[in-house]
Amino acid sequence: MADNDPAQPDGPDEPDFGELLRNLMGGNLADNPQLADALKQLGLENIDPAMMQMVQSQIQAMMSAPADGGFNVAMATDVARKAVAAEGDQSIGATTARDVEQVAHVANLWLDEVTDFPATSGVKAWSRAEWVEQTMPMWRQLVEPVALGVGAAIQKAMREQLSQLGGAEAEELGLPPGMDPAALMGQMEPMVARMSSAMFGMQVGQAVGALAGDVVTGTEMGLPLVEGNPVVVLPHNVAAFADGLSVDAGEVHLYLAVRESARVRLFQGVPWLGPALIAAVQSYAGDISIDTERIEEAIRDADTSDPAAMQSALQGSMFTPEPSEAQQRALGHLETLLALVEGWVDVVTERAVAAHLPHVSALAETVRRRRATSGPAERVFASLVGLELRPRRMREAAALFSALEEASDAATRDASWKHPDFAPTGADLDDPASYVERRTSGEQTVPERDAMDDALDQLLAQGRAEFDAEGDDGGPDDTSRTAERDSDSDGGEPT
């Protein structure tokens, strides 16, 4: 080969990064379309021995560039969109959109009679792909703490394996004789970070794509996933849901629209609720413990040239089985909040539709069973964040809100959300009678504001200002990160 061949190392002490990449990835990357597609997302197109000279500079640039966060959001979005397309996603026509608006209008008329929380003006009929696009910014907030931890664990595992390579093994990887393999990791870390980001992005994309094929409305999971709190309906998923029931499809559409509209009213009318839910998820994810030994074992035994094999090896086994005390507190708080949201929605929906729909009890029980059973999509998400978003105490919460309304009125029921300190706790779900007595025995005042309240308000205002600025500049539709503050003022229950 000519001395001026650009694919050669610059000096005797520098490895041939092209040859090293080929060896690390198992030879000819053209035989692995999944990995080739992943590397294409990273800017490394046409990976082939004949094209390696063109790619050499890109490899070295990638090794010196920082990774873009814990996971590749663009790749996650692309994988999710391809997943829903493979299942047969349909665009939403003008007629379907008008039908959804009319159904939402009827739902809001019924809700006006049973709650003072006002209706929101936005109504969206989305395809699965549109749901993916619009919710991905929030998924990034929820999942990135785990992605960063997994990325660090993968780098640690590879560092350990490189440090254990012998001379013959190092030469097989294309390293110059006498070079310390462990010293190479410093040069490889940016590339490894990007590949970890791509791998986790593929996992997130698969999870969100699976959820997009299952959810019937925007807030069905109990989280405010969409900025602005519009009423969101996925008509084709609703039709699939109704197809398995012995109830008229129109009645099913109306019932689900009432539930969605009620939940959106709650998020819109209770400013602290959405941030408290997101903060609880992030608190759990941020304190998660990565099973580094399991990561090392997966990397050692799996085919590193096959991202799908890597994902299969890591999926469901990345986290240590025993949650920390902080995680247990966050999980208890999250489950209580989710139960309160769904319990309130159950009660309000029943009041709203009782005089209009004939199969309310059957539909309500179907929804409860759906929420109580962890489906494939929820299991995939559990593998990413290590928890299941299920309101385990929904029936107790519904009973509490019903008892409070019967003891007083709907206004008192809804006033429970006025301040985090008024909201029921897990202990109140165990003893609803005591909570009802406290709420109805006399006038309760909102606790005086303290420095923590002022700081939280300032953070929320700053986050809204940053989001508005991004919108004005045409930037990404990324929600504020100010929900990360899991403080006393976010409605946390005592533990």
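As the structure is a computational prediction, the values presented were derived from the model and not from experiment. All heavy atoms count here, side chains included; hydrogens, waters and symmetry mates do not.
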TODO: Measure the NZ-CG distance between Lys82 and Asp89 for me, rounded to the nearest 0.5 Å.
DONE: 15.0 Å

- [ ] Show the numbers, then the answer: is there a side-chain contact (heavy atoms from CB on, under 4.5 Å) between Trp131 and Val208?
- [x] CA-CA 9 Å; Trp131 184 87; Val208 175; 3.8 Å; yes

TODO: Taking the side chain as every heavy atom from C-beta outward, state whether Glu251 and Leu363 have any atom pair closer than 4.5 Å.
DONE: yes

TODO: Measure the spacing between CH2 of Trp126 and CD of Gln134 and express it to the nearest 0.5 Å.
DONE: 4.5 Å

- [ ] Taking the side chain as every heavy atom from C-beta outward, state whether Val353 and Leu254 have any atom pair closer than 4.5 Å.
- [x] no

Open item on the list: Check whether Thr77 reaches the backbone of Val73 with its side chain - one donor and one acceptor, N or O, closer than 3.5 Å.
Closed with: yes

Open item on the list: Taking salt bridge (charged side-chain N to carboxylate O under 4.0 Å, His left out) as the definition, give me every residue that meets it alongside Asp428, ordered by chain and number, with sequence neighbours left out.
Closed with: Arg438

Open item on the list: Would you compute the distance between atom CG of Leu256 and atom CD of Glu260 and round it to the nearest 0.5 angstrom?
Closed with: 9.5 Å

Open item on the list: Using only atom types and a distance under 3.5 Å, with no angle test, would you say the side chain of Thr366 pairs donor to acceptor with the backbone of Ala362?
Closed with: yes

Open item on the list: Using modelled atom types and a 3.5 Å cut-off, is there a donor and acceptor pairing between side-chain atoms of Asn108 and backbone atoms of Ala119?
Closed with: no

Open item on the list: Nearest 0.5 Å, please: how far is OG1 in Thr349 from CD in Glu342?
Closed with: 9.0 Å

TODO: Heavy atoms only: give me the nearest Ala407-Thr440 pair and the separation to one decimal.
DONE: CB-CG2, 4.3 Å

Task: Residues Arg351, Ser402; criterion side-chain contact (heavy atoms from CB on, under 4.5 Å); working and verdict - done: CA-CA 10 Å; Arg351 305 292 188 268; Ser402 292; 3.6 Å; yes

Open item on the list: Ignoring hydrogens, what is the shortest heavy-atom contact between Val341 and Trp417? Give both atom names and the distance.
Closed with: N-CH2, 4.0 Å

Task: Candidate pair His253 and Asp99, rule side-chain contact (heavy atoms from CB on, under 4.5 Å), full reasoning - done: CA-CA 10 Å; His253 279 66; Asp99 290 343; over 6 Å; no

TODO: For Ser416 and Arg413, indicate whether the former's side chain and the latter's backbone hold a donor-acceptor pair under 3.5 Å.
DONE: yes

TODO: Verify whether one side chain among Trp139 and Thr135 offers a donor that lies under 3.5 Å from an acceptor in the other.
DONE: yes

Open item on the list: Using side-chain heavy atoms (C-beta onward) and a distance below 4.5 Å, is Leu340 in contact with Phe401?
Closed with: yes

- [ ] Please report the C-alpha distance between Arg393 and Asp430 in whole Å, then the side-chain angles of each, then the deciding distance to 0.1 Å, and finally whether the salt bridge (Lys or Arg N to Asp or Glu O under 4.0 Å) criterion is met.
- [x] CA-CA 10 Å; Arg393 307 189 68 183; Asp430 294 330; 2.2 Å; yes

TODO: First locate atom CD of Glu144, then atom CD of Gln141, and finally report the distance between them rounded to the nearest 0.5 Å.
DONE: 9.0 Å

Open item on the list: For the backbone of Leu111 and the side chain of Thr115, can you confirm whether one donor and one acceptor N or O come within less than 3.5 Å of each other?
Closed with: no

- [ ] For residues Ile278 and Leu142, determine if any side-chain heavy atom of one lies less than 4.5 Å from a side-chain heavy atom of the other.
- [x] yes

Open item on the list: Donor-acceptor pair, distance only, cut-off 3.5 Å: does the side chain of Asp346 make one with the backbone of Arg395?
Closed with: no

Task: Heavy-atom donor-acceptor pair, Trp344 side chain to Ala262 backbone, under 3.5 Å - done: no

Open item on the list: Go through it in stages, so that I can follow the logic: the residues are Leu273 and Leu266, the test is side-chain contact (heavy atoms from CB on, under 4.5 Å), and I'd like the CA-CA distance, side-chain angles, deciding distance and then a yes or no.
Closed with: CA-CA 8 Å; Leu273 179 58; Leu266 185 62; 3.7 Å; yes

Task: Side-chain donor or acceptor of Gln90 paired with backbone N/O of His236 under 3.5 Å - done: no

TODO: Kindly write out the residues that satisfy side chain to side chain contact (heavy atoms under 4.5 Å, CB included) with Ala354, not counting sequence neighbours, or none if the list is empty.
DONE: none

Task: Side-chain heavy atoms of Phe267 within contact of Leu277, under 4.5 Å - done: yes

Task: Atom of Val216, atom of Val238 and distance for their closest heavy-atom approach - done: O-CG2, 3.5 Å

Open item on the list: Let me confirm one number: the CE-CD distance from Met394 to Glu396, rounded to the nearest 0.5 Å.
Closed with: 10.0 Å

TODO: For residues Ile92 and Ala125, report the shortest heavy-atom separation together with the two atoms involved.
DONE: CG1-O, 3.7 Å

Open item on the list: Under a 4.0 Å threshold between the charged nitrogen and the carboxylate oxygen, would Asp112 count as salt-bridged to Arg265?
Closed with: yes

- [ ] Please assess Glu130 against Lys124 for the test salt bridge (Lys or Arg N to Asp or Glu O under 4.0 Å), listing each intermediate value before the final yes or no.
- [x] CA-CA 10 Å; Glu130 288 174 311; Lys124 306 290 184 182; over 6 Å; no

Open item on the list: Could you check whether atom CD of Glu325 has more than 12 heavy atoms from other residues, nucleotides or ligands sitting under 6.0 Å from it?
Closed with: no

Task: Closest heavy-atom pair and its distance - Val79, Gln206 - done: CG1-N, 3.7 Å

Task: Over 12 non-hydrogen atoms of neighbours within 6.0 angstrom of CZ in Arg81 - done: no

Open item on the list: Taking Ala352's backbone N and O only, do any of them form a donor-acceptor pair with Glu113's side chain (distance below 3.5 Å, no angle check)?
Closed with: no

Task: Lys/Arg N to Asp/Glu carboxylate O, Glu101 vs Arg98, below 4.0 Å - done: no

Open item on the list: Whether Arg370 and Glu220 form a salt bridge (side-chain N of Lys/Arg under 4.0 Å from carboxylate O of Asp/Glu) is what I want to check.
Closed with: yes

Open item on the list: Regarding Glu87 and Arg128, does a basic nitrogen lie under 4.0 Å from an acidic carboxylate oxygen?
Closed with: no

- [ ] Check whether any side-chain heavy atom of Arg371 lies under 4.5 Å from a side-chain heavy atom of Arg368, and answer yes or no.
- [x] no

- [ ] Kindly give the heavy-atom pair with the smallest separation between Ala330 and Ser283, and that separation in Å.
- [x] CB-OG, 3.8 Å

- [ ] Please examine the side chains of His359 and Asp248, heavy atoms only from C-beta on, and report whether any two atoms are closer than 4.5 Å.
- [x] no

Open item on the list: Is there a side-chain contact between Val258 and Trp110 in this structure, where contact means two heavy atoms from C-beta onward sitting under 4.5 Å apart?
Closed with: yes

Task: Residues in side chain to side chain contact (heavy atoms under 4.5 Å, CB included) contact with Thr120, at least two apart in sequence or another chain - done: Val231, Val264, Gln268

